[in-house]
J.: 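Have a look at this one before I ask anything.
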Amino acid sequence: MSPEKTALLIDVIAGMLEGLGRVAVGASSPIPAAAAWLARERGGGRPQVSVLGSGAHSDMTDGGRELFDRAGQGRIDAFFLGGVQIDGGANINLIGTGPHPSADKRFPGSYGSAYLYFVVPRVILFRVEHSPRTLVEKVDFVSAPGTSPAGVYRPGGPHALITGRCVFRFDAARGRFRLASLHPGHSLDEVRTATGFDFDCADDPPVTPAPSAETMALIRGPIGGNLAEVYPRFAAKFLGGERAA
Amino acid sequence: MSPEKTALLIDVIAGMLEGLGRVAVGASSPIPAAAAWLARERGGGRPQVSVLGSGAHSDMTDGGRELFDRAGQGRIDAFFLGGVQIDGGANINLIGTGPHPSADKRFPGSYGSAYLYFVVPRVILFRVEHSPRTLVEKVDFVSAPGTSPAGVYRPGGPHALITGRCVFRFDAARGRFRLASLHPGHSLDEVRTATGFDFDCADDPPVTPAPSAETMALIRGPIGGNLAEVYPRFAAKFLGGERAA
Amino acid sequence: MTEALSLDRLAGRVTDGAVLALPPDYSFVPMAAVRALVRRGMRDLHLVTVPQAGIAADLLIGAGCVATVETAAVSLGELGIAPRFSAAVESGAVAIRDSTCPAIHAALQAAEKGVPFMPLRGLIGSDLLRVRPDWQVIDNPLADGGDPIVLLPALRPDVALFHAPFADEHGNVWLGARRELVTMAHAAKETLVTVEEVRPGDLLADETPAAGTLPALYVSALAEAKQGAWPLGLAGRYEPDRAHLADYARLAASEEGFAAYCAAHVTDAASDETTAPIAAE
Amino acid sequence: MTEALSLDRLAGRVTDGAVLALPPDYSFVPMAAVRALVRRGMRDLHLVTVPQAGIAADLLIGAGCVATVETAAVSLGELGIAPRFSAAVESGAVAIRDSTCPAIHAALQAAEKGVPFMPLRGLIGSDLLRVRPDWQVIDNPLADGGDPIVLLPALRPDVALFHAPFADEHGNVWLGARRELVTMAHAAKETLVTVEEVRPGDLLADETPAAGTLPALYVSALAEAKQGAWPLGLAGRYEPDRAHLADYARLAASEEGFAAYCAAHVTDAASDETTAPIAAE
């Protein structure tokens with residue numbers, strides 16, 4: 001992915017974290033982590049950001065369960081999830097394709113999705129690959145469902161889906177995605193072809209705005225510094241020699 | 001209580017801890033603590049002893065719940081409980097006398113008894129005052145019951161009751177105490193008069209043996225050292241100037 | 001994030017009627033803050049002792065700040081019963097919710113985990129079940145029947161209040177192995193902490209102190225209170241003032257004596273004068 | 001009490017068919033001990049990853065030591081899927097018990113607390129419930145009806161196995177803030193630990209290290225294993241050997257490559273030769 005596209009994704013995700021109190025980011029998630037740091041820079045220290053598995057950038061001292069306990073306490077306002085497959089109902093599958101248990105192609109597993117998707121108010125789905133293979137009509141395995149029947153305890157759920165081509169917002173009442181913006185250089189037709197599920201859409205969707213010069217300076221400056229420390233390989237690719245470890 | 005009687009109680013309790021793996025002692029329990037240390041000296045380091053609220057003599061690092069978690073894991077073989085009242089079914093009352101909640105005389109509360117009495121295999125009841133006021137036919141409030149119906153999860157329960165006058169063993173099958181020995185200088189008639197509940201008894205119960213010279217040397221030596229460190233006021237009274245803090 | 005307040009303003013974050021969790025006597029008891037609560041004339045507190053308490057609870061009860069005590073035990077330890085607690089329970093001046101130590105720990109862990117209840121073994125056959133209608137016996141759904149077990153509702157204090165040896169400039173608080181306080185803070189809506197001192201640096205930056213540190217995320221406000229556990233001790237730092245505690249036990253045996261004790265040691269904030277607001281970050 | 005063993009004898013404490021709990025990749029992974037298990041030709045292990053795992057699980061699975069994997073995820077992180085894990089699940093060579101991170105933590109906490117189950121929010125509507133018939137949905141008995149919640153049975157491993165930076169001469173093990181390992185040890189019947197070094201003294205004697213220490217009570221046996229987490233890192237001590245891990249990911253993509261990796265780095269105990277038995281107490 002080009003550095004420009006990477007910066008665009010960081011910027012658009014950061015916009016979704018504005019005004020929140022606390023954001024947590026899973027392990028090996030450099031773009032969401034950069035977005036959270038960017039939101040914090042812009043917010044003058046808010047949201048507070050916890051990046052898992054990042055040593056100095058983690059503030060957890062109660063072991064691996066603390067993230068989930070915090071989420072259950074209502075102390076995490078936003079989190080990020082991906083998916084081997086994501087369907088039009090925002091159901092996510094992190095387990096693999098084909099029948100369970102003997103998958104056609106087995107992926108790592110559901111991680112904390114089957115819990116966090118229910119209790120974190122703003123879950124942002126992030127999957128760069130936007131193809132009929134990843135965005136499907138119906139997932140083969142529901143690691144975590146996009147919506148729940150009335151009565152099921154569910155203070156949280158999906159907020160948006162960001163891909164390499166566009167931004168979808170999730171409409172919980174309708175249980176469907178709505179195209180919010182197309183990234184520069186991508187068309188609605190292209191997105192329709194690349195998306196395995198049906199979604200709502202205005203006739204003329206806006207274009208995802210490119211990051212401002214100010215944002216780019218933050219990304220190249222303090223955010224790049226954090227990235228170089230926690231994700232040196234990613235930072236080297238993204239920011240080049242200036243930030244290589 | 002005389003130093004001789006105190007040493008006798010320490011010795012008789014220590015005998016009940018022989019061969020066990022791990023013993024825990026509650027806060028402010030100098031005689032049980034001394035007994036546990038004595039058993040450990042005799043056993044060459046076994047049982048392992050945890051004395052609560054004693055700083056260096058505690059080995060808990062998971063907060064106040066660790067004692068109870070350990071007990072639930074089956075890692076505590078013996079513990080000590082007392083009682084404002086103890087009845088003939090080994091029910092114990094740590095709450096007070098009279099009706100609940102507005103007791104005639106309110107005592108501190110049930111502490112951990114309502115749990116530990118169920119899960120620690122060998123619970124030793126210890127109450128120096130042996131009178132119709134403390135050893136009653138029926139407790140006014142059951143902080144923890146002596147026995148449980150079939151089906152109730154209960155790997156633990158009462159093993160014995162040691163008072164200032166005698167030793168009772170508890171017969172779980174019969175749900176009754178049996179007099180095991182009379183302390184030197186005390187008679188069966190006296191114990192019957194002082195006991196509010198009916199108990200089983202041989203016609204000619206043995207006398208609780210006095211501590212050996214070897215045991216007295218341990219009590220005055222290493223055990224006294226531990227006591228002086230953890231319970232300085234008790235040690236000063238019990239062992240006199242030689243061990244005063 | 002963590003606010004830095006004066007002792008009195010910290011105490012002012014507790015509102016009348018709040019569910020207030022306090023530590024056991026052996027663990028970082030916020031005595032200076034408790035005196036500040038008495039001076040502010042708090043009313044109708046629902047005290048939760050984690051899992052038991054001593055002079056802190058007795059003082060609040062004697063001063064009329066408390067409507068309900070939820071506890072496994074209140075006592076002055078070696079010095080005997082907690083006289084104001086016992087008198088208030090006997091007279092009905094406070095409502096008592098009797099509990100047992102592991103039930104309080106487990107109910108706080110339920111709140112910590114965001115679950116509505118926690119199961120606990122034991123209890124069945126105890127009269128505690130009779131006086132705690134909020135505790136419910138069910139048949140273990142994972143067994144084949146005939147395995148009764150108690151469910152305890154989650155206990156989520158409005159405020160957890162304790163005293164710690166030190167915090168860092170970011171509001172991270174060092175608690176060492178006193179993890180019942182970590183659970184209290186995780187479970188509570190707000191956590192107020194007094195500390196002996198605020199140190200420069202970041203306790204989370206080094207793995208050794210980090211292991212014993214409550215992250216600032218959980219700490220709503222901090223105040224500095226030198227000797228803030230007095231007359232109780234602070235393990236490894238100062239010993240309990242045993243003579244003072246014995247005086248308390250003697251005086252508090254009567255209402256008049258208790259009033260005299262308060263007049264001498266509580267009512268006048270000068271007794272906590274070493275307490276100064278710490279500089280805000 | 002804690003026994004001091006050689007690495008191989010420590011591994012010998014794990015028996016075929018045991019329920020073996022392993023830490024996540026970011027947390028004190030006992031790679032030297034895992035290689036020793038492979039050399040011993042272990043069979044039919046029921047692996048529990050707490051809550052996820054990486055190369056340690058992949059190696060054991062690839063070597064045929066494992067019958068069942070209970071996990072929230074097995075992956076090589078940045079290096080992609082765990083190839084032997086994925087292949088074994090796809091072929092049915094191992095049985096998979098899919099879980100989710102907080103469920104594994106909660107089920108271990110149930111065992112830690114000696115309760116038969118733990119409730120957990122979330123999960124309802126996930127296909128995990130379909131593939132985990134041991135998880136049961138009940139109607140929350142403390143609500144007024146219509147509040148479904150999942151109960152997870154307690155998870156009590158036969159053996160918890162991990163690598164720590166150091167232990168003291170009494171068998172107390174320093175774990176810092178890696179409290180998932182504390183819970184693992186509390187929950188397990190036996191805990192086996194490898195350490196970089198054994199230090200003189202008593203970690204419990206000073207409050208600062210004590211806060212991050214697992215008491216010897218829980219530690220069945222200890223072995224010294226220098227660089228015992230290699231090729232993974234040990235936070236604050238050594239970095240992961242990224243080149244080696246990338247080699248592993250490449251080779252393990254095929255069965256033949258995996259066999260070549262094992263021949264080069266696992267089969268010969270010389271690769272763990274720095275490992276010596278520590279002096280018994």
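If you're wondering where the values come from, they're calculated on a predicted model, not measured in any experiment. Note on naming: letters A, B, ... go to the chains in the order of the sequence lines (proteins, then strands), and numbering restarts at 1 for each one.
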J.: Could you tell me if D:H163 and D:E196 have a donor-acceptor pair between their side chains, going purely by distance under 3.5 Å?
T.: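 There is such a pair (donor and acceptor under 3.5 Å, judged by atom type) between the side chains of D:E196 and D:H163.
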
J.: Which one wins on heavy-atom pair count under 4.5 Å against chain A: D:Q52, D:E180, D:H105?
T.: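 Ranked by contacts with chain A, first place is D:H105.
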
J.: Pick whichever of A:Y111, A:F68, A:Y115 has the most heavy-atom pairs under 4.5 Å with chain D.
T.: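 Option with the top pair count is A:Y111.
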
J.: Of all of D:R130, D:R242, D:R179, which one pairs up most often with chain A through heavy atoms under 4.5 Å apart?
T.: D:R179

J.: Heavy-atom distances under 4.5 Å only: say whether D:V131 touches chain A with side chain, backbone, both or neither.
T.: side chain

J.: Between D:T213 and D:N172, is the side-chain hydrogen bond (donor to acceptor under 3.5 Å, both in side chains) condition met? List the steps.
T.: CA-CA 7 Å; D:T213 295; D:N172 301 303; over 6 Å; no

J.: Just so I understand: if I count every heavy-atom pair under 4.5 Å between each of D:I104, D:I124, D:D98 and chain A, which residue has the most?
T.: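 The option with the most such pairs is D:D98.
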
J.: Highest number of heavy-atom pairs under 4.5 Å with chain A: which of D:T183, D:L123, D:L181?
T.: D:L123

J.: Starting at CZ of A:F170, measure out to NE2 of A:H159 and round the result to the nearest 0.5 Å.
T.: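 A:F170 atom CZ to A:H159 atom NE2 measures 12.0 Å (nearest 0.5 Å).
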
J.: If you count heavy-atom pairs under 4.5 Å with chain D, which of A:G96, A:P145, A:A150, A:P149 comes out on top?
T.: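 Answer, by heavy-atom pair count under 4.5 Å with chain D: A:P145.
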
J.: Looking only at heavy atoms and a cut-off of under 4.5 Å, which of D:P102, D:S99, D:S75 has the most pairs with chain A?
T.: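 Among D:P102, D:S99, D:S75, the one with the most close pairs to chain A is D:P102.
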
J.: Could you tell me which portion of A:R65 (side chain, backbone, both or neither) has an atom closer than 4.5 angstrom to a non-hydrogen atom of chain D?
T.: both

J.: Measure distances from A:T147 to the heavy atoms of chain D and classify the residue's part below 4.5 Å as side chain, backbone, both or neither.
T.: neither

J.: Parallel, tilted or perpendicular: which describes the rings of A:F199 and A:F168, with under 30° parallel and over 60° perpendicular?
T.: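 Taking A:F168 first and then A:F199, their aromatic rings stand perpendicular (interplane angle over 60°).
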
J.: When heavy-atom pairs shorter than 4.5 Å are enumerated against chain A, which of D:T71, D:L120, D:L108, D:D147 gives the highest number?
T.: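 Ranked by heavy-atom pairs under 4.5 Å with chain A, first place is D:L120.
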
J.: Give, as side chain, backbone, both or neither, the part of A:I95 having an atom under 4.5 angstrom from any heavy atom of chain D.
T.: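 When you check distances to chain D, only side chain atoms of A:I95 fall under 4.5 Å.
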
J.: How about A:N91 and A:Q85: does a side-chain donor come under 3.5 Å of a side-chain acceptor?
T.: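 Judged by distance alone, the side chains do not pair up.
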
J.: Donor-acceptor pair, D:S126 side chain versus A:S143 backbone, under 3.5 Å?
T.: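 Yes: the side chain of D:S126 pairs with the backbone of A:S143.
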
J.: Pick one of side chain, backbone, both or neither for D:P51, based on which atoms fall under 4.5 Å of a heavy atom in chain A.
T.: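 Neither part.
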
J.: When heavy-atom pairs shorter than 4.5 Å are enumerated against chain D, which of A:G63, A:A103, A:P108 gives the highest number?
T.: A:P108

J.: List the steps and the verdict of side-chain hydrogen bond (donor to acceptor under 3.5 Å, both in side chains) for A:R127 and A:T163.
T.: CA-CA 5 Å; A:R127 186 75 164 95; A:T163 75; over 6 Å; no

J.: Mark yes or no for whether D:S27, through its side chain, and D:P23, through its backbone, hold a donor-acceptor pair below 3.5 Å.
T.: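 No, D:S27 side chain to D:P23 backbone: no donor-acceptor pair under 3.5 Å.
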
J.: Given heavy-atom pairs under 4.5 angstrom as the criterion, report whether the side chain, backbone, both or neither of D:S91 touches chain A.
T.: neither

J.: Let me know if A:D104 has heavy atoms under 4.5 Å from chain D in its side chain, its backbone, both or neither.
T.: backbone

J.: Would you sort out whether D:N140 and A:Y153 count as a side-chain hydrogen bond (donor to acceptor under 3.5 Å, both in side chains), showing the intermediate values?
T.: CA-CA 11 Å; D:N140 175 5; A:Y153 180 84; over 6 Å; no

J.: Given 3.5 Å as the limit, does a donor-acceptor pair link the side chain of A:D171 with the main chain of A:R174, or not?
T.: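 At least one qualifying donor-acceptor pair exists.
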
